[in-house]
Every structure is written in structure tokens, then in C-alpha cells.
> 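Pasting in a structure now, in C-alpha cells, and then I'll have a few things to ask.
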Amino acid sequence: QAAKALYISQPAVSKSIKALESSLGTSLFSRRSKGISLTPEGELFYKHVQTALEALEEGEKLLLKLHSLNAGQINLGVSSTLGTHFLMPLLKSFMERYPHIKLQIINDSTTKTLDLAKKGVLDIVIVSSSNYYDGLSFIPLKKIEDIFVCSPSYYESISSLTLPELCEQASFMFLSKDSVTRLYLETVLANQGISIVPDIVAGDMNFLISCAKLGLGITSVIKDFVSEELATGSLVEIPFTLSPSKRSIDIAYATDTTFSKATSCFIDFLNQELL
């Protein structure tokens, strides 16, 4: 009966049983004229084998789910600015399309999330930087442009100033020193021979945008993130060219990372949405 169920010959079953009993050094079956049954040792061994086979079956089912994207987890890192203005608008569509993929998100500074990616804690990190880091690889997603903005009323007060006068007399508001955007900004300004000491320093671009709307000064922002404010006129772009080239929003990951099916799916989704 066992041979028939396994689609193999009866001698092959007997040979396998003998080989197993020999390797374990004990009899697993009692053979009688009325049939065959498990020995006490066989009963004990069977319980463990049964548990192992059930675990194997569950593993096979999980892999099938992962392959069909009915399961999976993505460990993602993103800064507050990119999380609010770039990631959130895309997440709803992704979650509707792949409801069974779980997202674990760490919202922290780019420096900290990149460090977690190097350590293998995060699968991917969404960053906005023109700099590259040892041990990390990058997938470009979207070009971005940094601009200076202020309120219409503040612009009226500084519109007649020359560039040197503007840098000296105007109030500027920058992100904190540990921000990669701040590092990029200062590098670009230094290359143009410009040095600016900000009057307001913040850890979040949204705060700086709010301060600019109130007329507290000039701040640097990513143009796409204030498109609505520029359209309605609550913010005005200052003709202050930062750089002839644009930087980009990238996906960063540890160079030796092998993406899971879920992570690869998420990256493909982002690329398709941003076409």
C-alpha cells in the first residue's frame, strides 16, 4: 500500500525502511503476520517527522504566496521630507495593488537610515542626494531641482538687492547640518563662492516652508514639493540659480543585498509610476 501511494516498487520501500532503521540503530516497525505497526521508538520518531513535514509544507505554501505577491515584507527607510512629499502620494496606490505586502517604515534622517541600510536592517532607503557612499548602491528614480523661495511680501523687500547684498542682508532658513540636503546646498554655494549663515535652522523642510509663507525669510526647497504654493502665489521663487545640473531622488541599498520578490516589486512599481 505504501509503494502504491508513493508510485514506487515495494522492494524500494522495504530497502528505504531498512536503511533508515540501520542509520538510527533501532527498529521502527513491528512486522507480524497480520500486518505492520510502529514500535514505541517508531511512534516517537513519527511525531517529530510529522511536525517537520508540516513545517516544510507551510514553508512551501509561504513561498508560493511570496512568488504570487500574496505575502512579503519590505523594510524601508525615508526622511520626513521625502516621506511626506514623495512617498506618501505613491503608497496608497501600491497598498491597493498589493494589499498583502507589509511595509515596515523607519522615518528618520537620511544619514541614520543609510547607516541602517549598510547594517542590513533596512532593505532600501529613499534618499535625495548627489553624493554616493561606500558600501551602498543607488537606483535613480526622479530628477529634482532645488530652488530658493519666500513669501510675496518678503520678496518685495529684497527684490532690489544684488546677489552679494541678498546673501548678507536677507534672512535665510536652512535644514540642520546633519541633512544631506543641507550638505548639498552648502557645497553648491561654496563652489559659487557664496557663504550664508542661516537665521533659522530646522530638521524638517515642511517647517521651513511654513516659515517662508509667514514672511520670515528665504529658504531652499525642492521645487516639486512646493508646486501648489508656487501656483497659488503663497510662495515666490527667487531667481537665485543653485546649480546648472539637478540632483535626483534615489533608492539606496547595501551593495551585497539580494532583493526579495516584494522589494523588487516595490522598486518596479516606483519606476512605473514615475515614468
Side-chain angles (χ1 to χ4, degrees), residues 1-78 87 90-108 113-126 135-139 251-273:
Q1 289 175 354
K4 185 177 180 181
L6 295 170
Y7 298 99
I8 59 177
S9 66
Q10 186 276 327
V13 175
S14 297
K15 185 176 181 181
S16 294
I17 290 173
K18 288 180 180 178
L20 181 59
E21 289 180 325
S22 176
S23 66
L24 295 173
T26 187
S27 296
L28 300 176
F29 297 93
S30 295
R31 298 163 181 82
R32 300 185 179 87
S33 57
K34 294 182 179 181
I36 188 170
S37 62
L38 288 169
T39 63
E41 292 82 5
E43 290 279 2
L44 178 65
F45 186 63
Y46 172 73
K47 290 179 181 178
H48 289 278
V49 170
Q50 185 180 35
T51 301
L53 289 176
E54 288 173 352
L56 181 61
E57 185 177 359
E58 286 299 313
E60 290 175 346
K61 289 179 180 177
L62 179 58
L63 286 177
L64 288 173
K65 285 183 178 181
L66 289 172
H67 188 69
S68 60
L69 294 174
N70 287 324
Q73 179 172 306
I74 304 168
N75 298 313
L76 169 68
V78 66
L87 182 62
L90 297 169
L91 273 188
K92 183 179 179 182
S93 178
F94 179 79
M95 292 170 66
E96 288 174 350
R97 195 178 303 180
Y98 304 102
H100 302 293
I101 294 179
K102 183 179 181 181
L103 284 169
Q104 293 276 76
I105 301 175
I106 292 181
N107 182 218
D108 211 327
T113 53
L114 287 176
D115 186 54
L116 291 175
K118 286 183 180 181
K119 294 176 180 178
V121 176
L122 294 175
D123 300 317
I124 56 175
V125 176
I126 296 177
L136 292 172
S137 296
F138 292 80
I139 302 172
I251 289 175
Y253 60 95
T255 303
D256 58 355
T257 296
T258 300
F259 292 138
S260 67
K261 186 79 175 178
T263 302
S264 295
C265 172
F266 183 68
I267 295 172
D268 290 341
F269 168 82
L270 291 179
N271 279 315
Q272 290 169 10
E273 289 293 307

> Restricting to side chain to side chain contact (heavy atoms under 4.5 Å, CB included), what partner residues turn up for I8, sequence neighbours left out?
L6, A12, V13
> Taking the side chain as everything from C-beta on, heavy atoms only, tell me whether T39 gets closer than 4.5 Å to T26.
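Heavy-atom side-chain distance check fails, nothing below 4.5 Å.
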> What is the distance from atom CG of L122 to atom CG of L76, rounded to the nearest 0.5 Å?
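It is 7.5 Å, given to the nearest 0.5 Å.
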> NZ of K102 to CG of N75: how many Å apart, nearest 0.5 Å?
9.5 Å
> Could you please spell out the steps behind the side-chain contact (heavy atoms from CB on, under 4.5 Å) verdict for I139 and L270?
CA-CA 11 Å; I139 302 172; L270 291 179; over 6 Å; no
> Under the side-chain hydrogen bond (donor to acceptor under 3.5 Å, both in side chains) test, which residues partner T255, sequence neighbours left out?
S137
> State the CD-CD distance between E41 and E43, to the nearest 0.5 angstrom.
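Separation between the atoms: 10.5 Å.
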> Go through T257 and D123 one step at a time and tell me if the side-chain contact (heavy atoms from CB on, under 4.5 Å) criterion holds.
CA-CA 8 Å; T257 296; D123 300 317; 5.7 Å; no
> With a cut-off of 3.5 Å and sequence neighbours excluded, list every side-chain donor-acceptor pair involving residues 113-121.
| from | atom 1 | to | atom 2 | distance (Å) |
| --- | --- | --- | --- | --- |
| T113 | OG1 | S109 | O | 3.2 |
| T113 | OG1 | T110 | O | 3.0 |
| D115 | OD2 | K119 | NZ | 3.2 |

> Is a donor on one side and an acceptor on the other found under 3.5 Å between the side chain of S23 and the backbone of L20?
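Present.
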> Contact between F45 and L38 at the side-chain level, heavy atoms closer than 4.5 Å - yes or no?
no
> Flag the pair V78 / N107 as yes when at least one side-chain heavy-atom distance between them is below 4.5 Å, and no otherwise.
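Sidechains of N107 and V78: in contact.
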> Enter the distance from I74:CD1 to Q104:CD here, rounded to the nearest 0.5 Å.
10.5 Å
> Report the C-alpha separation of L136 and V125 in whole Å, then their side-chain angles, then the decisive distance to 0.1 Å, and conclude whether the side-chain contact (heavy atoms from CB on, under 4.5 Å) test is met.
CA-CA 10 Å; L136 292 172; V125 176; over 6 Å; no
> Would you indicate whether the side-chain heavy atoms of I101 and F269 approach each other to under 4.5 Å?
no
> If a pair satisfies side-chain hydrogen bond (donor to acceptor under 3.5 Å, both in side chains) and one of its residues is in residues 2-12, list it, with sequence neighbours excluded.
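The answer is Q10-S14.
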> Provide the closest heavy-atom pair for F259 versus T263 in the form atom of the first, atom of the second, distance.
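Of all heavy-atom pairs spanning F259 and T263, the closest is CD2-CG2, 3.6 Å.
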> Mind checking the CD-NZ spacing from E96 to K92? Nearest 0.5 Å is all I need.
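Here the rounded value is 5.5 Å.
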> Would you call S37 and R32 a side-chain contact if the rule is heavy atoms closer than 4.5 Å?
yes
> Kindly state each residue pair satisfying salt bridge (charged side-chain N to carboxylate O under 4.0 Å, His left out) with at least one member in residues 18-29, sequence neighbours excluded.
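Of all non-adjacent pairs touching residues 18-29, those that pass salt bridge (charged side-chain N to carboxylate O under 4.0 Å, His left out) are E21-R31.
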> Check this for me: Y46, atom OH, are more than 12 non-hydrogen atoms of other residues, nucleotides or ligands nearer than 6.0 Å?
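Open: at most 12 neighbouring heavy atoms sit under 6.0 Å from OH of Y46.
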> Taking only residues two or more places apart in sequence or in another chain, which ones pass salt bridge (Lys or Arg N to Asp or Glu O under 4.0 Å) with E273?
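Partners of E273 by the salt bridge (Lys or Arg N to Asp or Glu O under 4.0 Å) criterion, ordered by chain and then number, come out as R97.
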> Can you confirm whether more than 12 heavy atoms, excluding those of Q1, are under 6.0 Å from its CD atom?
no
> Taking it one step at a time, do F266 and I251 satisfy side-chain contact (heavy atoms from CB on, under 4.5 Å)?
CA-CA 11 Å; F266 183 68; I251 289 175; 5.6 Å; no
